[in-house]
Amino acid sequence: MTKNEINNNEISKSHPRYESLKYRHKIIEGMKNLVVTEAGLIAHGRGECFDYILGEKTNQPAENAIRAAVASMIMAKHPVISVNGNIAALVPQELAILSDMLKAPLEINLFYPKEGRIKAIVEVLEKAGAINILGKNEEKMVEIEDLKSNRRRIDPDGMLKSDVIMVPLEDGDRTEVLKKIGKKVIAVDLNPISRTAIWADITIVDNIIRTLPLMIKMTEELKKFNEDQLNKIINEFDNKKNIQDMLDLIKRYVEDQKKDAFKIINQ
Ligand code: PTJ
């Protein structure tokens with residue numbers, strides 16, 4: 001047992017921040033195993049900060065976005081889920097389940113390449129039961145023009161031929177480029193005003209640890225819908241309004257905290 005696992009076991013379930021600490025440790029363990037890049041720790045911290053001011057729950061606009069995302073993935077001819085180090089460390093089982101239910105391959109696509117990282121992520125995903133994993137054969141990859149980062153390298157059997165791509169916890173400018181080459185992009189990002197969030201067709205402003213279980217549940221439900229019903233969900237969804245609703249929620253949450261936060265010291 002590694003030292004960190006010992007620390008992890010020491011977190012008491014009664015700790016008021018147990019859930020948050022549990023996922024922190026998954027990220028730390030992931031970094032030690034090469035799954036997560038060093039910058040992944042910082043990205044996780046930024047996510048935690050936004051999660052805090054969203055009340056650490058899946059809010060209604062996020063649920064609406066998840067519904068539209070699932071309908072789009074079911075209607076897609078070639079849906080793909082992009083996988084980076086953070087999500088492989090946080091939710092590998094859920095990724096495997098959703099990939100299977102939606103017949104959407106998991107394509108490993110990393111911003112920070114490093115010797116051994118792809119292999120480490122493949123191992124984690126396979127251990128979690130994932131079968132259709134792409135992005136692991138370096139020689140096969142092709143490059144998207146107009147993108148400078150390592151994310152330009154995509155799999156011809158995955159993102160290249162896909163029509164709908166889900167990009168959880170994404171950095172920078174890839175979403176913009178993916179849209180320019182005709183892809184529909186679903187982002188999962190706790191920051192509602194990141195470039196990715198703004199450019200995406202469907203932006204789920206929620207923590208990936210809550211989003212994926214809900215996507216699995218909704219896939220079970222929406223798979224029983226016919227095409228007209230699914231198209232109605234997709235067409236009625238307004239991403240810009242949804243992001244604005246999320247920003248209103250943050251404003252309201254902060255205003256409520258201004259009034260209520262000090263109550264705990266009087267309990
Ligand atoms: O594994 P790699 O090499 O592909 O790198 C992955 C990271 C995440 C390090 C890379 O993509 C990166 O640097 O991302 P950014 O620019 O930090 O953006 C990540 C976004 O995800 C930020 O807007 C965070 O708020 C958000 N985020 C972090 N944790 C979560 C999250 N959104 C949803 N759920 C989370 N758990």
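Here the structure is a predicted model, which means the values were calculated and not measured. Both counts, for ligands and for their atoms, begin at 1 and track the order of listing.
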Review point. What about S194: any of its N or O atoms under 3.5 Å from an N or O on ligand 1?
Key: no
Exercise for review: Just need the protein heavy atom nearest to atom 32 (N) of ligand 1, so name the residue and atom and give the distance.
Suggested key: L190 N, 3.2 Å
**Study point:** Any D206 heavy atom less than 4.0 Å from ligand 1
**Key:** yes
Revision key, fill the gap. Out of N86, I121, T211, the nearest non-hydrogen contact to atom 7 (C) of ligand 1 is supplied by N86
Review point. Short N/O distance, under 3.5 Å, between N207 and ligand 1?
Key: yes
Check your understanding: Has E48 got any heavy atom lying under 4.0 angstrom from an atom of ligand 1?
Key -> no
Check your understanding: F111, L34: one ILVMFWY side-chain cluster at the under-4.5 Å cut-off?
Key -> no
Check your understanding: Is F50 in polar range of ligand 1, meaning some N or O pair under 3.5 Å apart?
Key -> no
Check your understanding: Considering only protein heavy atoms, which is closest to atom 18 (O) of ligand 1, and at what distance to one decimal place?
Key -> E170 O, 3.3 Å
**Study point:** In one Ile/Leu/Val/Met/Phe/Trp/Tyr side-chain cluster, 4.5 Å: L54, M215
**Key:** no
Check your understanding: Hey, quick one: are L214 and Y23 part of the same hydrophobic cluster, counting side-chain heavy atoms closer than 4.5 Å, chains of contacts allowed?
Key -> yes
Study note, to complete from the structure: min-distance protein heavy atom vs atom 6 (C) of ligand 1 -> N84 ND2, 3.7 Å
Practice item. Could you tell me the residue and atom name of the protein heavy atom closest to atom 11 (O) of ligand 1, and the distance to it rounded to 0.1 Å? Key: D171 OD2, 2.5 Å
Practice item. Write out the residue and atom name of the closest protein heavy atom to atom 34 (N) of ligand 1, then the distance separating them to 0.1 Å. Key: I208 N, 3.0 Å
Review point. Considering only protein heavy atoms, which is closest to atom 31 (C) of ligand 1, and at what distance to one decimal place?
Key: L169 CG, 3.4 Å
Check your understanding: Are any of the N or O atoms of L110 closer than 3.5 Å to those of ligand 1?
Key -> no
**Study point:** Residue and atom name of the nearest protein heavy atom (relative to atom 17 (O) of ligand 1), distance in Å to one decimal
**Key:** A43 CB, 3.3 Å
Check your understanding: Mind checking whether T37 has an N or O less than 3.5 Å away from an N or O of ligand 1?
Key -> no
**Study point:** side chain to side chain contact (heavy atoms under 4.5 Å, CB included) partner of V164, the single match among L102, I186, I81, D201
**Key:** I186
Check your understanding: For G40 and ligand 1, does the shortest N/O to N/O distance drop below 3.5 Å?
Key -> no
Study note, to complete from the structure: Atoms of ligand 1 under 4.0 Å from any heavy atom of G85, numbered from 1 in the order shown, are 1 (O)
Check your understanding: So how far is it from R153 CZ to E143 CD, rounded to the nearest 0.5 Å?
Key -> 6.0 Å
**Study point:** Under 4.0 Å to a heavy atom of R151 - the qualifying atoms of ligand 1, by number
**Key:** 4 (O), 5 (O), 6 (C), 10 (C), 11 (O)
Check your understanding: At their closest point, which heavy atom of P79 faces which heavy atom of D163, and how far apart are they?
Key -> N-OD1, 3.9 Å
Check your understanding: In Å, rounded to the nearest 0.5 Å, how long is the span from CD1 of I204 to CE of M246?
Key -> 11.0 Å
Review point. Counting distance only, does the side-chain N/O of N33 pair as donor-acceptor with the main-chain N or O of V35 below 3.5 Å?
Key: no
Check your understanding: Does the pair E29/R24 count as a salt bridge with the N-to-O cut at 4.0 Å?
Key -> no
Study note, to complete from the structure: Separation between NZ (K180) and OG1 (T175), nearest 0.5 Å, reads 11.5 Å
Study note, to complete from the structure: d(N239 CG, T203 OG1) to nearest 0.5 Å is 4.0 Å
**Study point:** Ligand-side contact atoms (ligand 1) for residue partner R117, heavy atom cut-off under 4.0 Å
**Key:** 1 (O), 2 (P), 3 (O)
Review point. What's the spacing between L21 CG and I28 CD1 if we round to 0.5 Å?
Key: 9.0 Å
Review point. Is there a heavy atom of I209 sitting under 4.0 angstrom from any atom of ligand 1?
Key: no
Check your understanding: Taking all non-hydrogen atoms of both residues, which atom of D206 and which atom of K57 are closest, and how far apart?
Key -> OD1-O, 3.9 Å
Point to revise | Nearest protein heavy atom with distance in Å, relative to atom 22 (C) of ligand 1 | key: D189 OD1, 3.6 Å
